[in-house]
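Right, one structure below, let's go through it.
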2 protein chains.
Amino acid sequence: MSERQKTLPLERYMRVAEVVAASHQSVGLTEIAVLTGLPKPTVHRLINALVDTGILEADGAHYKSFTVGRRLWRILYLGLDRDKVAGYAQIVCDDLAKEFKETCYMVRLGQRHVRAIARSAPDQGHRLHVLPGAELPPHAASSAKAILAYQDGETLDRLLPDPLPALTEHTITSRADLEVDLARVRETGYAICDREIDDNVMAYACPIHLAGAGVLYSLGVTGPCSRLRQIPTEELVAALKQGASRFADMLGAVAG
Amino acid sequence: MSERQKTLPLERYMRVAEVVAASHQSVGLTEIAVLTGLPKPTVHRLINALVDTGILEADGAHYKSFTVGRRLWRILYLGLDRDKVAGYAQIVCDDLAKEFKETCYMVRLGQRHVRAIARSAPDQGHRLHVLPGAELPPHAASSAKAILAYQDGETLDRLLPDPLPALTEHTITSRADLEVDLARVRETGYAICDREIDDNVMAYACPIHLAGAGVLYSLGVTGPCSRLRQIPTEELVAALKQGASRFADMLGAVAG
DNA sequence: AAGGTTGTTTCGTTTATTGAAACTTTGTTC
DNA sequence: GAACAAAGTTTCAATAAACGAAACAACCTT
């Protein structure tokens, strides 16, 4: 019976966000105040909170104009229909697996884990253990590292166990060493897992950059060292990067 | 010097939204409480507010699971890069214009107006006055009506002038008559403008339904009555609807 | 330097948020 | 079907944030 009559504070935040998103060009504070019908000081405070939270971003020199921020993009990308996304991921993995005759997989950043969402194994050859739905060791898997390299400290803390368990003798077990490796990923644009999970198994992975939302997915290839080492790294990485940007286009045809 | 240390209420709203968006399956209240580290009653209230605002949506029978809501999708679509969207719109218009040899255009819902974002005129023949950037009379243009038919009352109030100016003798000038016309649009799936803006000029338009976000765009054809009447309505409407869903796919390949 | 515009701070009042505790509902087990 | 557990909901007093009028500062114009 008693409907919500009072406007929640959250409601006004959203109204401001909508006006900013909907406006034809970037909008200033006064214009937002007019469009929303809210008093200027109120809008000022709302905008500041929205910017602090990452929902909006200021892009003018003197705090004059605002656009949709990373945080919001992130939520939207993460909220996408899982089956559809997995479908796209599968297509990309299949093509890549066919090209290299090795197991390819795509991985997604979750709340407290990194998880495979698609996998394609070549018909012949070993079935490797990256199954869709499987969690990957964040400090060892190349696919996980490709994502972690682009997350903030807080996210890293949430994802990385302490201490980092040694899965093989090659596993990176110190946080400092891992940070160095992640810095290398950012420099080169790809991550390697060289016998860090299993002896004789290695993997390459590239981050998938989504416009506005940073890195939430990665695309990887894995296989026995003996076979993978025969493929020139540049060739493999180039194919991964191409697959990554293809997937980003599938999702992000939409984004700025 | 004094950074924001206290977490804003908005920050917690966003954290809940993120957890819901990021979680692999749909999440319940208790799980959200665990993942965010917030007390259960707090999460309960936050979720309710988020659902009331349309940021999240409950999809379980008994309020058990949540997904990203319409309101958020809407912001995403509205915040899209304008040039890219206009590019897609242009492609669709060009193809349609070529098919019917009449002027085709796409129109977008703004904060207080309906505006053309793309237009394609056939090489030969009249140049009609729908130019990109032009505002359209919301109570007369078929393209505007195709959008208005799917907006809530508040949005209608914001967009429609009072009184509705008579542009020709055929213009609908009463709000009640307009509502009837809009109801017809919802039934048939297309809008007509029959000499309501100019004598001897008519137009057809179809709404573009975006997954989760409702109708924010429409696609239309316009031309002199003499020529347009010669094309079977069903054929024209079918082509418009196809173009509309093609555009929706371009933008919304991404949406649930 | 006067006049308009836009963005910012202050501050007392009002209102929402917060979370422990107690409670209700729903689902499971024996 | 009673007993138990788990998930969701309500209550409520202390606390914190939102609110917006007014007054202020910065920035363009002319």
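Only heavy atoms go into these numbers, but all of them, side chains included; no hydrogens, no water, no symmetry mates. Every chain is numbered from 1 and lettered A, B, ... according to where its sequence line falls, protein lines coming before strand lines.
A:Thr173 and A:Ala166 get closest at one heavy-atom pair: CG2-CB, 3.7 Å. A:Leu136 and A:Ser143 make their closest contact through CD2-OG, 3.5 Å (heavy atoms, listed as atom of the first residue, atom of the second, distance).
As a whole-Å value, the separation of A:Ile32 CD1 from C:dT8 P is 11 Å. Here the P atom of nucleotide C:dA16 and the CZ atom of B:Arg12 are 17 Å apart, to the nearest Å. At whole-Å resolution of the value, CG in B:Asn48 and C1' in D:dT10 are 11 Å apart. Note: CG (B:Leu29) to P (D:dT10) measures 11 Å, nearest angstrom. For the pair B:Glu31 CD and D:dA6 P, the interatomic distance rounds to 15 Å; values are reported in whole Å. Counting to the nearest Å, the P atom of D:dA17 and the CG atom of A:Asp52 are 13 Å from each other. The nearest whole Å value for the distance from the CD1 atom in A:Ile47 to the C1' atom in C:dT9 is 16 Å. Atom-to-atom, CG of B:Leu10 to P of C:dT18 comes out at 11 Å; the value is rounded to the nearest Å.
Checked against C:dT9, D:dA18, D:dG8, the side chain of A:Pro41 finds its nearest nucleotide in C:dT9. For A:Lys40, the listed nucleotide lying nearest its side chain is C:dT6; candidates were C:dT9, D:dT9, C:dT6. For B:Pro9, the listed nucleotide lying nearest its side chain is C:dT17; candidates were C:dT17, C:dG7, D:dC19.
Within the nucleic acid shown, A:Thr30 comes within 4.0 Å of sugar-phosphate atoms alone, with no base atom in reach, counting heavy atoms only. At a threshold of 4.0 angstrom between heavy atoms, the contacts of A:Leu38 with the nucleic acid are absent.
Counting heavy atoms from C-beta on, the side chains of A:Ile47 and A:Ile32 come closer than 4.5 Å. Looking only at side-chain heavy atoms (C-beta outward), B:Pro9 and B:Glu11 stay at 4.5 Å or farther from each other.
You'll find the ring centres of A:Phe247 and A:Tyr88 outside the 6.0 Å limit.
For the pair B:Thr42 and C:dG19, the criterion of a side-chain N or O lying under 4.0 Å from OP1 or OP2 is met. Dashed line: the shortest gap from a side-chain N or O of A:Arg45 to OP1 or OP2 of D:dG20 is not under 4.0 Å. OP1 and OP2 of D:dG8 both lie 4.0 Å or more from every side-chain N or O belonging to B:His44.
Comparing C:dC23 with C:dG19, their C1' atoms sit 16 Å apart, to the nearest whole Å.
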